[in-house]
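All of these numbers come straight from a predicted model, not from anything done at the bench.
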Amino acid sequence: MTREPEYLLVTEYFHPDTASTGQLMTELAVGLNDRGLDMTVYTGQPNYHSGDNERQPKRSLHEGVLVRRIGAPQFRQTSILRRLSNWALFTVWMTALLLFERVERERKVVFVTCPPFMPVAMWFVCTVRGWEYTYIAYDLYPDEPAELGYFRKDGVLDRIWGALDRRALLGAEHVVALGPVMKERISEKGGPSFDADKTHVIHNWADEEFITPMAKSDNWFSEEHGLEDQFTVLYSGNIAEFHDLETLVRAAAELRDEGVRFLIIGEGDNKQRIVELAEEQGLRGDVVRFLPYQPYEDLPYSLTSADVSVVAVKEGFEGIVVSSKLYTSMATGQPVLTIANANDDEARIVDRFDAGVHVEQGSVEELAAVIKRWKENPELVDRQGANAREAFEENFVKDASIDRYHEMLAEPDGQTVAA
């Protein structure tokens, strides 16, 4: 009798890490395991900006899923140098472990593009061992660091890394893109010999029971931070270089006398720069307030504490990233203020469902006008917020996305239906 294959999910982040990737990969592993796939997770030690980062055992069970972790401790991600060290350690450790580990039955590998060299490492491992693999593109490399200016586009490093990543795409059994624009970009990266039909659009998601709309008058977080009677624009999440919060802060300066408050919650490499910009504009404390990451159990309240939720993508990142924050923002039942190019996956979704407004990066006056219009028109806020929640419930809930992963991995033809 042929034994069912073992599915390995390789991800740097997993419970109890508070990174959105860790939360999504945790729900994916548990969901696929519950649907009958024999899932094992290979992951690192907790190291995200937030959370207690307590060292975890090398082997454990999480909701029925076997979790195997690298033995070496990892640094809390408070600097690029620490992040690079974590990436190198995790990639090398996982490569060596999977190359030389004794295996008694068929394995299929599923990995997410974090750390950045994971696609190349897993392509090499799976090629040597003869395993099928699924490539989940959360961020595209080397596109992202090249766009951020860490090295020259079309330079030697960009060409070599790009060629290796292309081999990883060509060798994959399945490729998962987070949106249609990302799928188009993957097809371009793969070149003329790449089979675009093996790329499945499966959106990220949020838990519709964990995040639900809540009136500010019923929300202790709103009361605690004095937001009940203030029209408030909220950004909550990672503050990275590819999130355009500069446009948001400059719009806040335009609205300093309009009674609008801006709350920015989170940590990240770009936070100090955004804090300094707010200080330069004379906005700290009064108009713009910063808070650290909130405890996970408080997210249903912090995320629903405002009137409008912000999703921001830096110019030039069309199809390179798709912000997972979009889905939690829609889940809150607030209009989504999307700072993005019109062709971004995030902007397309918001426009498609009339779930908010998208504004181009750098369009400070337009952004300020949009916020002012919302403040003066609560009926518009209510309508677009309701549209956001309805669209979320119909398209971006957890079970629907995990079902698509299961269909892709378990069904004979591996077909999924894109949302």
Side-chain angles (χ1 to χ4, degrees), residues 20-21 24 112-114 136-149 153 175-189 196 199-206 233-251 266 268 270 274 308-332 334-367 369-371 384 387-388 391-392 395-396 401 418-419:
S20 61
T21 301
L24 290 163
V112 64
T113 53
C114 186
I136 304 177
Y138 267 28
D139 307 91
L140 296 185
Y141 295 100
D143 310 57
E144 181 181 302
E147 191 65 41
L148 289 171
K153 292 181 183 179
V175 178
V176 175
L178 301 185
V181 180
M182 180 178 277
K183 179 177 179 178
E184 294 167 8
R185 188 150 188 153
I186 288 171
S187 295
E188 292 174 3
K189 283 169 62 68
T199 302
H200 309 265
V201 175
I202 306 179
H203 294 279
N204 278 340
W205 61 88
V233 178
L234 169 70
Y235 178 88
S236 177
N238 188 22
I239 306 175
E241 291 181 89
F242 49 82
H243 296 126
D244 179 13
L245 296 183
E246 290 87 349
T247 300
L248 183 69
V249 171
R250 295 188 185 281
N270 206 36
I274 299 304
V308 172
S309 184
V310 177
V311 174
V313 182
K314 189 178 179 68
E315 187 176 4
F317 278 76
E318 299 87 355
I320 295 178
V321 299
V322 179
S323 176
S324 60
K325 176 174 170 46
L326 173 65
Y327 310 103
T328 54
S329 294
M330 295 177 73
T332 66
Q334 301 170 18
V336 183
L337 174 56
T338 309
I339 303 172
N341 183 280
N343 194 45
D344 272 332
D345 281 307
E346 296 89 342
R348 285 186 177 188
I349 289 173
V350 168
D351 290 348
R352 173 185 170 189
F353 296 109
D354 188 24
V357 177
H358 92 264
V359 177
E360 299 274 341
Q361 299 95 334
S363 300
V364 174
E365 293 183 1
E366 181 184 356
L367 184 58
V370 167
I371 294 172
Q384 291 187 324
N387 289 346
F392 163 74
N395 298 277
F396 309 118
S401 290

Could I get the full list of ring-ring contact (aromatic ring centres under 6.0 Å, His included) partners for Y327, not counting sequence neighbours? F396
So, using side-chain contact (heavy atoms from CB on, under 4.5 Å) as the criterion, who are the partners of A196 when residues are at least two apart? S187
One should read off an interatomic distance between N395 CG and F353 CZ, to the nearest 0.5 angstrom, of 4.0 Å
Ignoring hydrogens and angles, tell me if any N or O in the side chain of R185 forms a donor-acceptor pair with the backbone of I320 under 3.5 Å. no
Going by side chain to side chain donor-acceptor pair (under 3.5 Å), name the residues that satisfy it together with S324, two or more places apart in sequence or in a different chain. S20
Side-chain contact test, heavy atoms from C-beta onward, threshold under 4.5 Å: evaluate it for V322 versus N204 and give yes or no. no
Note, N270 side chain near L245 side chain (heavy atom, < 4.5 Å): no
Quick check: do D345 and L178 have side-chain heavy atoms less than 4.5 Å from each other? no
Can you check whether L148 reaches F317 side chain to side chain, under 4.5 Å on heavy atoms? yes
Sequence-distant partners of E241, side chain to side chain donor-acceptor pair (under 3.5 Å), two or more places apart: Y150
List for me each residue that meets side-chain contact (heavy atoms from CB on, under 4.5 Å) alongside A137, sequence neighbours excluded, and say none if there are none. Y135, L140, M182, I186
Quick one: side chain to side chain donor-acceptor pair (under 3.5 Å) partners of E147, sequence neighbours excluded? K153
What is the minimum heavy-atom distance between D344 and V181, and which atoms define it? C-CG2, 4.3 Å
Is a side-chain donor-acceptor pair under 3.5 Å present for N341 with Q361? no
Applying salt bridge (charged side-chain N to carboxylate O under 4.0 Å, His left out) to D351 and not counting sequence neighbours gives none
List the residues meeting salt bridge (charged side-chain N to carboxylate O under 4.0 Å, His left out) with E246, not counting sequence neighbours, and say none if there are none. R273
Checking the side chain of T247 only, and the main-chain atoms of D244 only, is there a donor and an acceptor separated by less than 3.5 Å? no
Of all heavy-atom pairs between V233 and I371, which one has the smallest distance, and what is that distance? CG2-CG2, 4.0 Å
If you take all heavy atoms of D354 and N387, which pair is closest and at what distance? O-ND2, 3.0 Å
Side-chain touch H243/N238, heavy atoms, less than 4.5 angstrom: yes
For T338, check side-chain contact (heavy atoms from CB on, under 4.5 Å) against everything at least two apart and list the hits. V336, A340, E346, V350, H358
So, do L367 and L337 sit near enough that their side-chain heavy atoms are less than 4.5 Å apart? yes
Taking salt bridge (charged side-chain N to carboxylate O under 4.0 Å, His left out) as the test, write out the residues that go with K189, two or more places apart. D143, D165
Who pairs with S309 by side-chain contact (heavy atoms from CB on, under 4.5 Å), at least two apart in sequence or on another chain? K325, S329, Q334
Can you find a heavy atom in the side chain of I349 that is under 4.5 Å from one in the side chain of M330? yes
Testing the basics here: between F392 and A206, what is the closest heavy-atom pair and its distance to 0.1 Å? CZ-O, 3.5 Å
Restricting to side chain to side chain donor-acceptor pair (under 3.5 Å), what partner residues turn up for R348, sequence neighbours left out? N343
